[in-house]
Amino acid sequence: MTTFEGPGLPSESERFRALLKAVREFVRCDAAALLRLEDGALRAVAVDGLSDETLGRRFTVAAHPRFARLLESPAGLRFPPGCELPDPYDGLVSSQPEILPVHDCMGAPLRLRGTLWGLLTLDALEASTFDAVGPARMEALVRLVESGIEAAQAIRDMARRAAQEQALAQAWQSSRSPTRELLGTSAAMQQLRREIDTVGASDLTVLLLGETGVGKDLVAQRLHARSRRHAQPLVQVNCAALPETLADSELFGHRKGAFTGAIQDRTGKFELADGGTLFLDEVGELPLTVQAKLLRVLQGGELQRPGSDRTLRVDVRVIAATNRDLPAAIAQGRFRADLYHRLSVYPLVVPPLRARGRDVLALAGGFLEENQHRLGARNLRLSPGARAALLAHPWPGNVRELEHAISRAALRAYREHGRAARWVAIEPRHLLLEETIAPVAPTDAPPAAAGLPAAAPAGPAAAAATLRDATEAFQRDWLTACLARHGGNLSRAAAQAGMDRSNFHRLLRKLGIRPRQPG
């Protein structure tokens, strides 16, 4: 969900959280949630008393019979304590030392202007918690929540009318099947989304920088969604997968007979993206001969198919991405300096997962929901120990590593528990994070000067006794080097780390780092 914030005004998500706090004051319970209905699935827009991973889950109504019953009920209902229908929240109630079942559950559909909006759910670990909540009290509670949601949406709608690029983005989203989103509420991700929304509405060429697996493709999709080209194609090319002999033809097309094997005319990716956006992933892998032709298109919007004398004009917005140090490649003669400057009109650094704090739990929740449907499991849940392990792991492979770790852990845990289990608890032993081998960074990986974190020193971290000790050693060495690069300037070092200055300073104190004052 995109939120619209004005100076000094709370965001829509903050209003929803405040609304849930009022709900829990009105009715005593262990957890409450607001779930919005979108394309046959319920997504938590706010939770109070449930784990952070709930926010990353997308509950398909057809797969969750309790939610289906609540949506069909005219005024809500309470499930009996012995109800055999699987509870979607089993194991998701926060602040519990272990995975515990929910014993008292009730909820009601929420309607705005006669249209079904979603659900309000209330849950408790004690079976008799809702004995005193009768129909009249539930009706009053539903009206309170519906009024709060309508007020929040009225504010959002006024802001939307003033933000034309958001309207364009929503039209683009509605015309395509749902894709993964940029999940996370960390300071680093909020800053990235602000940067995306700033440059998205323009036609500036964007260069995405970041380590492998951070989600640069999702950033490219959001940039396209925020642009005036949202209704036109977004064409993606993986430059690293293009053989040198075919890269020219893939990007610019060719005429029949242009070379051996060219048995018919071919339309290149630039022509396919005409009017829209072309995403050049791993652009640093392009051959020098193709780089020269790419520069010509960027400079004048003109291209020429191999085998043709005709010049074609295209209107394409280019987004490029790389995990390489392009200035170093320029110095080595492997990348054109003029092309680099054409591509890096607006550079964006996508933060590594280790700089995103508790976002790892929201991402894990989304991956668990996908695996739950794929495996046919009733409820895949992270144990408290597994959550702690995810938060402590440095994630050298970033979001892609997390996705693979969750998929493997889900399969191991599912085989261990079996199909009949009420829920499948994922424990640290299923994640096997201690056995993950960090990849060796390439010699031309992006340096800190490009906004990317430097490789961690191996000594203290490798010699640490526990995973937590190793993580702290890694953070201490990385932050010390970061401060040194910026001459002790806390603001610049915090920006590179993807953190706000106050949280950055607290982390330094926690790790016993005393920054040297600049000057």
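All residue numbers in this chain count up from 1 along the given sequence.
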Going by heavy atoms in the side chains, are [X] and [Y] under 4.5 Å from each other?
X: L343; Y: H341; value: no
X: F59; Y: R43; value: no
X: L361; Y: L391; value: yes
X: Q372; Y: E369; value: yes
X: V283; Y: L286; value: yes
X: L483; Y: L508; value: yes
X: V345; Y: V206; value: no
X: T277; Y: L223; value: no

Test your reading of the model: is there a side-chain donor-acceptor pair from [X] to the backbone of [Y], 3.5 Å cut-off?
X: N371; Y: A410; result: no
X: K269; Y: L278; result: no
X: T60; Y: A62; result: no
X: W395; Y: L390; result: yes
X: N398; Y: L353; result: yes
X: Q291; Y: R336; result: yes
X: R317; Y: L204; result: yes
X: D359; Y: T185; result: yes
X: H64; Y: L42; result: no
X: R226; Y: G200; result: no

Sequence-distant partners of [X], side chain to side chain contact (heavy atoms under 4.5 Å, CB included), two or more places apart:
X: A187; result: D500
X: H404; result: R400, R408
X: L55; result: A44, V47
X: T198; result: Y346

| said: What verdict does the salt bridge (Lys or Arg N to Asp or Glu O under 4.0 Å) test give for E38 and R58, after you've listed the backbone C-alpha separation in whole Å, the side-chain angles of each residue and the deciding distance to 0.1 Å? | reply: CA-CA 9 Å; E38 298 173 341; R58 191 171 181 269; 5.6 Å; no
| field | Side-chain ion pair, D203 and R228, N-O less than 4.0 Å | value |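 Salt bridge flag = yes for R228 with D203.
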| field | Sidechain N-carboxylate O distance under 4.0 Å for R324, E285 | value | yes
| task | Only pairs at least two apart or in different chains count here, so list each ring-ring contact (aromatic ring centres under 6.0 Å, His included) that has a residue in residues 269-299. | result | F252-F270
Report the distance from atom [atom1] of [X] to atom [atom2] of [Y], rounding to the nearest 0.5 Å.
X: T480; Y: I513; atom1: OG1; atom2: CD1; result: 4.0 Å
X: L34; Y: R15; atom1: CG; atom2: CZ; result: 14.0 Å
X: L192; Y: L218; atom1: CG; atom2: CG; result: 10.5 Å

| request: Kindly write out the residues that satisfy ring pair (Phe, Tyr, Trp, His ring centres under 6.0 Å) with F504, not counting sequence neighbours, or none if the list is empty. | output: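 F504: no ring pair (Phe, Tyr, Trp, His ring centres under 6.0 Å) contacts found.
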| query | Got a sec, which residues hit ring pair (Phe, Tyr, Trp, His ring centres under 6.0 Å) with F335, two or more places apart in sequence or on another chain? | reply |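 Per chain and number, F335 pairs via ring pair (Phe, Tyr, Trp, His ring centres under 6.0 Å) with no residue.
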Can you list the residues that meet the side chain to side chain donor-acceptor pair (under 3.5 Å) rule with [X], with sequence neighbours excluded?
X: D52; value: R358
X: R412; value: none
X: Q475; value: none
X: T212; value: N323

| With sequence neighbours excluded, what pairs up with R194 under the salt bridge (Lys or Arg N to Asp or Glu O under 4.0 Å) test? |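 Salt bridge (Lys or Arg N to Asp or Glu O under 4.0 Å) check on R194 returns nothing, list empty.
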| query | Does a side chain donor of either E401 or H393 reach within less than 3.5 Å of an acceptor in the other side chain? | reply | yes
| Worked check of salt bridge (Lys or Arg N to Asp or Glu O under 4.0 Å) between D274 and R313 | CA-CA 9 Å; D274 191 22; R313 291 199 61 84; over 6 Å; no
